[in-house]
Protein chains: 2
Amino acid sequence: MKETTAPDCSISASLDILGDRWTILILRDAFRGVRRFEDFRRDLTIARPVLTERLKRLVERGVLERQLYCERPPRYEYRLTEMGMALSPALVALMRWGDQYLSAGDAPTVLVHDACGHPLDQQFVCWECDETFTQYDIASRPGPGASTVS
Amino acid sequence: MKETTAPDCSISASLDILGDRWTILILRDAFRGVRRFEDFRRDLTIARPVLTERLKRLVERGVLERQLYCERPPRYEYRLTEMGMALSPALVALMRWGDQYLSAGDAPTVLVHDACGHPLDQQFVCWECDETFTQYDIASRPGPGASTVS
DNA sequence: ATAGGTGAGTTCGGATTCAGAACCAAGTCG
DNA sequence: CGACTTGGTTCTGAATCCGAACTCACCTAT
């Protein structure tokens, strides 16, 4: 088997930011529209120091941005950046997996196509062939940033 | 080991299984074809006890299965179950996010459509409207398993 | 003006968890 | 035989996480 090591894998880079339970739950809340420190804290029942630290990290890495929404007293809210919004396929995938395998067929929340209200699906798409397909039709090959050669 | 959270949300249920860094890296390796204890350990440079514990948990939860591949001496390998395979959209999404935002435009690995070799995309699909769309066209509503509303 | 409440943090111990090394067992190879 | 491999387990000190309590700045009602 060829050498496929951790360092040049984007998954481990992503996990450097998202790699703990709380961070992902914070982002889930952010997608639901939660923006303020105290709202995150109450909803997650997360300890304050942990929330402080996670929010700071997410802001540093560019996933959230901290915006003043009240001058006196200074109050900030945390909003998803474009980079943060781009995580939605990952969160949706996690949620659908949980729905399918962990909640006995009763999904607590259903995501729908805004335009028509019908449940959405998530698929891999090939724009060349112009068709959708599943994980069984995926292959991989080294990309431009590949460093190791087998 | 704590089973946190009554999941008002399938994401937190998923995170109960996947909620730490090592677990996801183990699954990433599993998708790449790694199957044996010692191969996981070497590739991830993870401490043995941690790997033992994570593999055991993944087997208990049904994400991996432990199969005898050698009778004398008894040797086992860890393979993705169907439930484990179903995580691929989540891992693919994570990888693509890392590619796009964390690796300066140089993706270490590119996923392609096996049939034609062209890079794949990941999209939301509505089978009613028969069209693909992005995260900006998603809405959510309570599903059959909704208990607490927020 | 003062007492109480709130939003956003910080400080500080104690409990987990982790890494690293040593140890074990069962078998194989030289 | 003795060395080596795979797949673990047990131990221990170090790093990390987390919750409770405290702070600080401001607002509101009395």
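Values in this document were obtained by computation on a predicted structure and should not be read as measured data. The sequence lines fix the lettering, A, B, ..., with proteins before strands; numbering per chain opens at 1.
The CD1 atom of Ile46(B) sits 11 Å away from the P atom of dG20(C) (whole-angstrom rounding). dA25(D) atom C1' lies 12 Å from atom OH of Tyr76(A), rounded to whole Å. To the nearest angstrom, P of dT10(C) lies 15 Å from CZ of Arg41(A). Rounded to whole angstrom, the span from the CD atom of Glu38(B) across to the P atom of dT6(D) amounts to 6 Å. Residue Leu51(A) contributes atom CG, which lies 16 Å from atom P of dT11(C) at whole-angstrom precision. Here the P atom of nucleotide dA15(D) and the CG atom of Asp20(B) are 20 Å apart, to the nearest Å. A straight line from CZ of Arg57(A) to P of dC17(D) spans 8 Å, rounded to a whole angstrom. When the C1' atom of dT10(D) is taken as reference, atom NZ of Lys56(B) falls 12 Å away, rounded to whole Å.
As judged by a 4.0 angstrom heavy-atom cut-off over every strand, Arg36(B) is placed among residues touching the sugar-phosphate backbone only. As judged by a 4.0 angstrom heavy-atom cut-off over every strand, Tyr78(B) is placed among residues touching the sugar-phosphate backbone only.
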Close N or O pairs between protein and nucleotides 27-29 of chain C (under 3.5 Å):
none

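Here Asp137(A) pairs with nothing under the salt bridge (Lys or Arg N to Asp or Glu O under 4.0 Å) rule; sequence neighbours left out. Listed by chain and residue number, nothing satisfies the side chain to side chain donor-acceptor pair (under 3.5 Å) test with Glu60(A) (two or more places apart in sequence, or in another chain).
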Without placing hydrogens or testing angles, list every side-chain donor-acceptor pair under 3.5 Å for residues 114-124 of chain A, not counting sequence neighbours.
| unit_1 | atom_1 | unit_2 | atom_2 | d |
| --- | --- | --- | --- | --- |
| Asp121(A) | OD1 | Arg96(A) | NH2 | 2.7 |
| Asp121(A) | OD2 | Gln123(A) | NE2 | 3.4 |
| Asp121(A) | OD2 | Trp127(B) | NE1 | 3.0 |
| Gln122(A) | NE2 | Pro89(A) | O | 3.0 |

Listed pairs under 3.5 Å, donor-acceptor, residues 47-57 of chain A side chains, sequence neighbours left out:
| unit_1 | atom_1 | unit_2 | atom_2 | d |
| --- | --- | --- | --- | --- |
| Arg48(A) | NH1 | Glu38(A) | OE1 | 3.4 |
| Thr52(A) | OG1 | Arg48(A) | O | 2.9 |
| Arg54(A) | NE | Asp20(A) | OD1 | 3.3 |
| Arg54(A) | NE | Asp20(A) | OD2 | 2.7 |
| Arg54(A) | NH2 | Asp20(A) | OD2 | 2.9 |
| Arg57(A) | NH1 | Asp16(A) | O | 2.8 |

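A heavy atom lying under 4.0 Å from DNA chain D marks the following residues of residues 62-69 of chain B, by number: Arg66(B), Tyr69(B).
A donor N or O paired with an acceptor N or O is not found under 3.5 Å between the base of dA19(C) and the side-chain atoms of Arg48(B).
Cluster note: Tyr76(A) groups with Leu68(A) through ILVMFWY side-chain heavy atoms spaced under 4.5 Å, whether in direct contact or through intervening members.
Summarising the geometry of Val34(B) relative to Phe40(B), their closest heavy-atom pair is O-CZ, 3.4 Å, with the distance given to 0.1 Å.
Pairs of residues two or more places apart, or lying in two chains, never qualify as salt bridge (Lys or Arg N to Asp or Glu O under 4.0 Å) while including a residue from residues 125-136 of chain A. Listed by first and then second residue, the salt bridge (Lys or Arg N to Asp or Glu O under 4.0 Å) pairs involving residues 73-90 of chain B are Glu77(B)-Arg79(B) (not counting sequence neighbours).
In terms of phosphate contacts, Thr52(B) brings a side-chain nitrogen or oxygen within less than 4.0 Å of OP1 or OP2 of dT9(D). Regarding contacts with the backbone of dT17(C), every side-chain N or O of Arg54(B) stays at 4.0 angstrom or more from both OP1 and OP2. Considering only side-chain N and O atoms, Trp22(A) lies under 4.0 angstrom from the phosphate OP1 or OP2 of dC18(D).
You'll find that the side chain of Arg42(B) is closest to dT6(D), out of dT6(D), dC18(C), dC18(D).
Residue-to-nucleotide proximity on DNA chain C shows that, of Leu55(A) and Pro49(B), the 5′-proximal contact is made by Leu55(A).
The aromatic rings of Phe133(A) and His113(B) sit parallel, their planes meeting at an angle under 30°, below the 60° perpendicular limit.
Between the side chain of Thr81(B) and the backbone N or O of Val63(B) there is at least one donor-acceptor pair closer than 3.5 Å.
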